[in-house]
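Notes follow the structure.
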Amino acid sequence: MRIARFSIDGNVAFGAVEGDGPEELVLDIIKGIPFADFELSGTKVPLSKVRLLPPVLPNKVVAFGRNYAEHAAELGHELPPAPFAFFKPSTSVIGSGDAIAYPSFSEEVHYEAELAVVIGRMCREVPPERVQDVILGYTCANDVTARDVQKREAQWARAKGFDTSCPLGPWVETGISLEEAGDLAVQCTVNGEQRQLGSTRQMIHSITDLIVNITEAMTLLPGDVILTGTPAGVGPLGIGDEVAVTIQGIGTLTNKVIKRG
(Lines give C-alpha, C1' and ligand atoms only; values in the text may rest on other atoms or scores of the structure.)
Protein backbone atom coordinates (compact mmCIF):
# COMPACT_ATOMS: atom_id res chain seq x y z
CA MET A 1 0.00 0.00 0.00
CA ARG A 2 1.12 3.54 -0.77
CA ILE A 3 0.15 5.89 2.05
CA ALA A 4 0.18 9.64 1.42
CA ARG A 5 -0.41 12.57 3.72
CA PHE A 6 -2.21 15.46 2.09
CA SER A 7 -4.29 18.57 2.54
CA ILE A 8 -7.54 19.48 0.85
CA ASP A 9 -9.83 22.42 1.65
CA GLY A 10 -7.75 23.21 4.73
CA ASN A 11 -7.99 19.69 6.14
CA VAL A 12 -5.09 17.27 6.59
CA ALA A 13 -5.55 13.51 6.20
CA PHE A 14 -3.86 10.27 5.23
CA GLY A 15 -4.97 8.33 2.21
CA ALA A 16 -4.16 5.14 0.34
CA VAL A 17 -2.93 5.90 -3.17
CA GLU A 18 -4.71 3.85 -5.82
CA GLY A 19 -4.30 3.66 -9.59
CA ASP A 20 -1.45 3.46 -12.07
CA GLY A 21 -1.00 6.36 -14.47
CA PRO A 22 -0.46 9.89 -13.07
CA GLU A 23 -3.86 11.02 -14.28
CA GLU A 24 -5.59 8.00 -12.72
CA LEU A 25 -4.25 8.25 -9.16
CA VAL A 26 -6.81 8.71 -6.42
CA LEU A 27 -6.64 8.79 -2.62
CA ASP A 28 -8.94 6.61 -0.53
CA ILE A 29 -9.10 8.58 2.72
CA ILE A 30 -7.95 6.62 5.76
CA LYS A 31 -10.04 6.49 8.92
CA GLY A 32 -7.42 6.81 11.64
CA ILE A 33 -3.65 6.96 11.30
CA PRO A 34 -1.26 4.53 9.58
CA PHE A 35 0.64 3.80 12.79
CA ALA A 36 -2.30 1.86 14.25
CA ASP A 37 -5.15 -0.24 12.93
CA PHE A 38 -7.09 1.75 10.36
CA GLU A 39 -9.80 1.38 7.74
CA LEU A 40 -10.26 2.83 4.29
CA SER A 41 -13.27 5.12 4.25
CA GLY A 42 -14.20 4.52 0.62
CA THR A 43 -14.25 8.28 0.11
CA LYS A 44 -11.91 8.96 -2.79
CA VAL A 45 -10.39 12.17 -4.12
CA PRO A 46 -8.19 12.60 -7.21
CA LEU A 47 -4.54 13.08 -6.35
CA SER A 48 -4.51 16.05 -8.71
CA LYS A 49 -6.99 17.88 -6.44
CA VAL A 50 -4.89 17.73 -3.26
CA ARG A 51 -1.59 19.09 -2.02
CA LEU A 52 0.84 16.37 -1.02
CA LEU A 53 2.50 16.97 2.35
CA PRO A 54 5.54 15.24 3.83
CA PRO A 55 4.28 11.66 4.24
CA VAL A 56 5.14 11.76 7.95
CA LEU A 57 6.09 14.43 10.49
CA PRO A 58 9.04 12.78 12.22
CA ASN A 59 10.05 13.52 15.78
CA LYS A 60 13.59 13.03 14.47
CA VAL A 61 15.38 12.15 11.28
CA VAL A 62 18.39 9.91 11.89
CA ALA A 63 20.72 10.03 8.90
CA PHE A 64 23.69 7.78 8.23
CA GLY A 65 26.67 9.15 6.34
CA ARG A 66 29.37 7.49 4.27
CA ASN A 67 27.32 4.32 3.80
CA TYR A 68 28.30 3.90 0.14
CA ALA A 69 32.01 3.37 -0.55
CA GLU A 70 32.11 5.26 -3.86
CA HIS A 71 30.35 8.27 -2.35
CA ALA A 72 32.82 8.40 0.54
CA ALA A 73 35.66 8.18 -1.96
CA GLU A 74 34.36 11.00 -4.17
CA LEU A 75 34.41 13.34 -1.15
CA GLY A 76 37.78 12.08 0.07
CA HIS A 77 36.37 10.55 3.23
CA GLU A 78 37.55 7.39 4.93
CA LEU A 79 34.98 4.67 5.52
CA PRO A 80 33.75 4.61 9.12
CA PRO A 81 34.28 1.30 10.95
CA ALA A 82 30.68 1.39 12.21
CA PRO A 83 27.49 3.18 11.13
CA PHE A 84 28.03 6.95 11.27
CA ALA A 85 24.90 8.80 12.39
CA PHE A 86 23.86 12.44 12.45
CA PHE A 87 20.51 14.23 12.79
CA LYS A 88 18.31 16.45 10.69
CA PRO A 89 15.68 18.39 12.67
CA SER A 90 11.96 18.09 12.04
CA THR A 91 11.99 21.68 10.75
CA SER A 92 14.13 20.55 7.79
CA VAL A 93 11.36 18.29 6.44
CA ILE A 94 9.32 19.27 3.37
CA GLY A 95 7.18 17.29 0.94
CA SER A 96 7.23 16.57 -2.75
CA GLY A 97 6.46 19.74 -4.69
CA ASP A 98 7.68 22.01 -1.90
CA ALA A 99 10.59 24.36 -2.56
CA ILE A 100 14.15 23.90 -1.31
CA ALA A 101 15.22 27.35 -0.10
CA TYR A 102 18.89 27.94 -0.90
CA PRO A 103 20.50 28.96 2.41
CA SER A 104 22.08 32.41 2.55
CA PHE A 105 25.16 31.13 4.39
CA SER A 106 26.22 28.67 1.66
CA GLU A 107 27.54 28.89 -1.90
CA GLU A 108 27.66 25.13 -2.59
CA VAL A 109 24.47 23.18 -1.98
CA HIS A 110 24.39 19.54 -3.09
CA TYR A 111 21.67 16.94 -3.68
CA GLU A 112 21.93 13.46 -2.13
CA ALA A 113 19.33 10.88 -3.21
CA GLU A 114 18.54 8.36 -0.48
CA LEU A 115 16.19 5.57 0.54
CA ALA A 116 14.34 6.55 3.72
CA VAL A 117 12.94 4.05 6.22
CA VAL A 118 9.79 5.09 8.10
CA ILE A 119 9.40 3.66 11.59
CA GLY A 120 5.96 2.29 12.42
CA ARG A 121 6.10 1.67 16.17
CA MET A 122 7.95 2.83 19.25
CA CYS A 123 11.07 0.72 19.66
CA ARG A 124 14.48 0.49 21.29
CA GLU A 125 17.23 -2.12 21.45
CA VAL A 126 15.77 -3.84 18.41
CA PRO A 127 17.39 -7.24 17.71
CA PRO A 128 18.16 -8.06 14.06
CA GLU A 129 15.34 -10.58 13.79
CA ARG A 130 12.75 -7.94 14.84
CA VAL A 131 13.78 -5.11 12.52
CA GLN A 132 11.07 -5.89 9.95
CA ASP A 133 8.44 -5.56 12.70
CA VAL A 134 9.27 -1.92 13.46
CA ILE A 135 9.22 -0.65 9.85
CA LEU A 136 6.06 0.93 8.44
CA GLY A 137 7.52 1.36 4.96
CA TYR A 138 9.86 3.31 2.73
CA THR A 139 9.94 6.65 0.96
CA CYS A 140 12.30 8.78 -1.12
CA ALA A 141 14.57 11.37 0.50
CA ASN A 142 16.99 14.08 -0.52
CA ASP A 143 19.67 14.81 2.10
CA VAL A 144 20.28 18.34 0.82
CA THR A 145 23.68 19.51 2.06
CA ALA A 146 25.54 22.81 2.25
CA ARG A 147 28.80 21.17 1.20
CA ASP A 148 31.06 24.18 1.79
CA VAL A 149 29.69 24.55 5.32
CA GLN A 150 30.10 20.83 5.95
CA LYS A 151 33.76 21.08 4.96
CA ARG A 152 34.62 24.04 7.18
CA GLU A 153 32.60 23.24 10.31
CA ALA A 154 33.48 20.42 12.69
CA GLN A 155 29.90 19.23 13.01
CA TRP A 156 27.11 19.06 10.46
CA ALA A 157 24.16 20.69 12.22
CA ARG A 158 23.99 23.75 9.96
CA ALA A 159 25.25 22.03 6.80
CA LYS A 160 22.59 19.33 6.84
CA GLY A 161 19.92 20.70 9.18
CA PHE A 162 18.88 23.98 7.61
CA ASP A 163 15.22 24.61 6.82
CA THR A 164 13.96 22.65 3.74
CA SER A 165 17.06 20.40 3.66
CA CYS A 166 15.10 17.15 4.07
CA PRO A 167 12.56 16.58 1.29
CA LEU A 168 10.57 13.37 1.83
CA GLY A 169 7.92 11.75 -0.36
CA PRO A 170 5.84 11.46 -2.30
CA TRP A 171 4.33 8.75 -0.07
CA VAL A 172 5.24 5.74 2.08
CA GLU A 173 5.31 2.37 0.32
CA THR A 174 4.44 -0.37 2.81
CA GLY A 175 4.57 -3.29 0.37
CA ILE A 176 8.36 -3.66 0.24
CA SER A 177 10.04 -6.33 2.36
CA LEU A 178 13.29 -5.75 4.19
CA GLU A 179 15.03 -8.06 1.73
CA GLU A 180 13.60 -6.20 -1.28
CA ALA A 181 14.60 -2.85 0.23
CA GLY A 182 18.21 -4.01 0.10
CA ASP A 183 18.18 -4.13 -3.72
CA LEU A 184 16.42 -1.04 -5.08
CA ALA A 185 17.63 1.35 -7.78
CA VAL A 186 18.23 4.92 -6.56
CA GLN A 187 18.30 7.71 -9.13
CA CYS A 188 18.63 11.48 -9.03
CA THR A 189 18.04 13.90 -11.89
CA VAL A 190 18.53 17.66 -12.06
CA ASN A 191 16.48 19.44 -14.72
CA GLY A 192 15.82 16.04 -16.28
CA GLU A 193 19.50 15.05 -16.53
CA GLN A 194 20.66 11.98 -14.62
CA ARG A 195 23.21 12.78 -11.91
CA GLN A 196 23.06 9.71 -9.65
CA LEU A 197 22.28 6.08 -10.38
CA GLY A 198 23.02 3.44 -7.78
CA SER A 199 21.45 0.63 -5.81
CA THR A 200 20.76 0.02 -2.15
CA ARG A 201 22.67 -3.25 -2.52
CA GLN A 202 25.80 -1.05 -2.51
CA MET A 203 25.20 0.01 1.09
CA ILE A 204 28.06 -0.86 3.42
CA HIS A 205 25.80 -1.25 6.45
CA SER A 206 22.37 -2.79 5.83
CA ILE A 207 19.05 -1.36 6.96
CA THR A 208 19.06 -3.96 9.72
CA ASP A 209 22.53 -2.83 10.84
CA LEU A 210 21.45 0.82 10.92
CA ILE A 211 18.30 0.24 12.98
CA VAL A 212 20.06 -2.08 15.42
CA ASN A 213 22.84 0.50 15.79
CA ILE A 214 20.67 3.54 16.51
CA THR A 215 18.16 1.77 18.77
CA GLU A 216 21.01 0.63 21.00
CA ALA A 217 21.27 4.31 21.93
CA MET A 218 17.79 5.78 21.69
CA THR A 219 14.09 5.12 21.33
CA LEU A 220 12.53 5.56 17.90
CA LEU A 221 8.95 6.76 17.69
CA PRO A 222 6.24 6.11 15.08
CA GLY A 223 6.93 8.35 12.11
CA ASP A 224 10.65 8.73 12.78
CA VAL A 225 12.75 8.46 9.64
CA ILE A 226 16.07 6.75 8.95
CA LEU A 227 18.14 8.01 5.99
CA THR A 228 20.34 5.20 4.71
CA GLY A 229 23.05 7.09 2.79
CA THR A 230 23.57 8.16 -0.80
CA PRO A 231 25.33 6.55 -3.76
CA ALA A 232 28.08 8.30 -5.71
CA GLY A 233 27.39 11.20 -8.03
CA VAL A 234 26.45 14.02 -5.66
CA GLY A 235 26.80 17.52 -7.03
CA PRO A 236 25.64 21.11 -6.92
CA LEU A 237 22.20 22.63 -7.13
CA GLY A 238 21.44 26.16 -8.26
CA ILE A 239 18.49 28.46 -7.83
CA GLY A 240 15.85 27.48 -10.38
CA ASP A 241 16.94 23.84 -10.63
CA GLU A 242 14.40 21.05 -10.33
CA VAL A 243 15.77 17.98 -8.55
CA ALA A 244 14.01 14.61 -8.60
CA VAL A 245 14.77 11.48 -6.57
CA THR A 246 13.31 8.24 -7.92
CA ILE A 247 13.50 4.95 -6.07
CA GLN A 248 12.45 1.69 -7.65
CA GLY A 249 9.07 0.48 -6.43
CA ILE A 250 8.30 3.68 -4.53
CA GLY A 251 7.96 6.75 -6.73
CA THR A 252 9.51 10.13 -7.45
CA LEU A 253 10.17 13.03 -5.07
CA THR A 254 10.45 16.35 -6.92
CA ASN A 255 11.48 19.76 -5.58
CA LYS A 256 12.53 23.07 -7.07
CA VAL A 257 15.31 25.23 -5.64
CA ILE A 258 14.44 28.86 -4.88
CA LYS A 259 16.23 31.81 -3.33
CA ARG A 260 15.70 31.98 0.38
CA GLY A 261 13.40 34.88 1.14
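Excluded from the calculations below are hydrogen atoms, water molecules and symmetry mates; all remaining heavy atoms, backbone and side chain alike, are included. For this chain, numbers begin at 1 and follow the sequence in order.
- Of the candidates His110, Gln150, Glu108, Lys160, Lys160 is the only one forming a side-chain hydrogen bond (donor to acceptor under 3.5 Å, both in side chains) with Thr145.
- Residues Asp133 and Arg130 are paired through a salt bridge, judged by an N-O separation under 4.0 Å between the basic side chain and the carboxylate.
- No side-chain donor from either of Ser177 and Gln132 sits under 3.5 Å from a side-chain acceptor of the other.
- At least one donor-acceptor pair under 3.5 Å links the side chain of Arg5 to the backbone N or O of Pro54.
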task: Mind running side-chain contact (heavy atoms from CB on, under 4.5 Å) on Phe64 and Thr228 for me, showing each step along the way?
output: CA-CA 5 Å; Phe64 285 91; Thr228 59; over 6 Å; no

- prompt: Going through the checks in order, is the side-chain contact (heavy atoms from CB on, under 4.5 Å) test met by His205 and Asn213?
  reply: CA-CA 10 Å; His205 302 290; Asn213 174 271; over 6 Å; no

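- Nearest approach of Val225 to Val56, heavy atoms of both residues: CG2-CG2, 3.8 Å.
- Phe162 and Ala146 get closest at one heavy-atom pair: CE2-N, 3.8 Å.
- A donor-acceptor distance shorter than 3.5 angstrom exists from the side chain of Ser96 to the backbone of Thr254, with no hydrogens or angles considered.
- The heavy-atom pair separating Ala13 from Ile29 by the smallest distance is CB-CG2, 4.3 Å.
- Between the Asn142 side chain and the Tyr111 main chain, no donor and acceptor come within less than 3.5 Å of each other.
- Of the N and O atoms on the side chains of Gln196 and Gln187, not one donor lies less than 3.5 Å from an acceptor on the other residue.
- No side-chain donor-acceptor contact under 3.5 Å links Asp224 to the backbone of Ile119.
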task: Any chance you could lay out the salt bridge (charged side-chain N to carboxylate O under 4.0 Å, His left out) test for Asp98 and Arg51, step after step, and finish with the verdict?
output: CA-CA 10 Å; Asp98 292 336; Arg51 179 191 168 202; 3.0 Å; yes

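- For the residue pair Thr200 and Ala181, the shortest heavy atom distance occurs at OG1-O, 2.8 Å.
- For Glu193 (side chain) and Val190 (main-chain N/O), no donor-acceptor pair under 3.5 Å exists by modelled atom type.
- The backbone N or O of Ala232 sits nowhere less than 3.5 Å from a side-chain atom of Tyr68 that would complete a donor-acceptor pair.
- The minimum heavy-atom distance linking Gln248 with Asp183 is given by the pair OE1-O, 3.9 Å.
- Between Arg147 and Glu107 there is no salt bridge, since no side-chain nitrogen of the basic residue lies less than 4.0 Å from a carboxylate oxygen of the acidic one.
- Of the possible polar contacts, none joining the Ser7 side chain to the Val12 backbone as a donor-acceptor pair under 3.5 Å is found.
- Atom CZ of Arg201 has 12 or fewer heavy atoms from other residues, nucleotides or ligands within 6.0 Å.
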Check against side-chain contact (heavy atoms from CB on, under 4.5 Å), Val26 and Leu47: CA-CA 5 Å; Val26 297; Leu47 188 66; over 6 Å; no

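- For the pair Arg121 and Phe35, the cation-pi test (distance below 6.0 Å, angle within 45°) is failed.
- In this structure, Gln155 places its CD atom where more than 12 heavy-atom neighbours from other residues, nucleotides or ligands lie under 6.0 Å away.
- Nearest heavy atoms, Thr139 versus Trp171: OG1-O, 2.7 Å.
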Check against side-chain contact (heavy atoms from CB on, under 4.5 Å), Val245 and Thr189: CA-CA 7 Å; Val245 175; Thr189 63; over 6 Å; no

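- Annotation: Glu129, atom CD; neighbour count of heavy atoms from other residues, nucleotides and ligands within 6.0 Å is above 12.
- The only member of Val134, Leu210, Val126 that meets side-chain contact (heavy atoms from CB on, under 4.5 Å) when paired with Thr215 is Val126.
- Here the CG atom belonging to Leu27 is positioned 11.0 Å from the CG atom belonging to Leu40, to the nearest 0.5 angstrom.
- Aromatic ring centres of Phe84 and Trp156: separated by under 6.0 Å.
- Heavy atoms of other residues, nucleotides or ligands lying less than 6.0 angstrom from CE of Met218 number more than 12.
- Using a distance-only test at 3.5 Å, with no hydrogens or angles considered, no donor-acceptor pair links the side chain of Ser90 to the main chain of Lys60.
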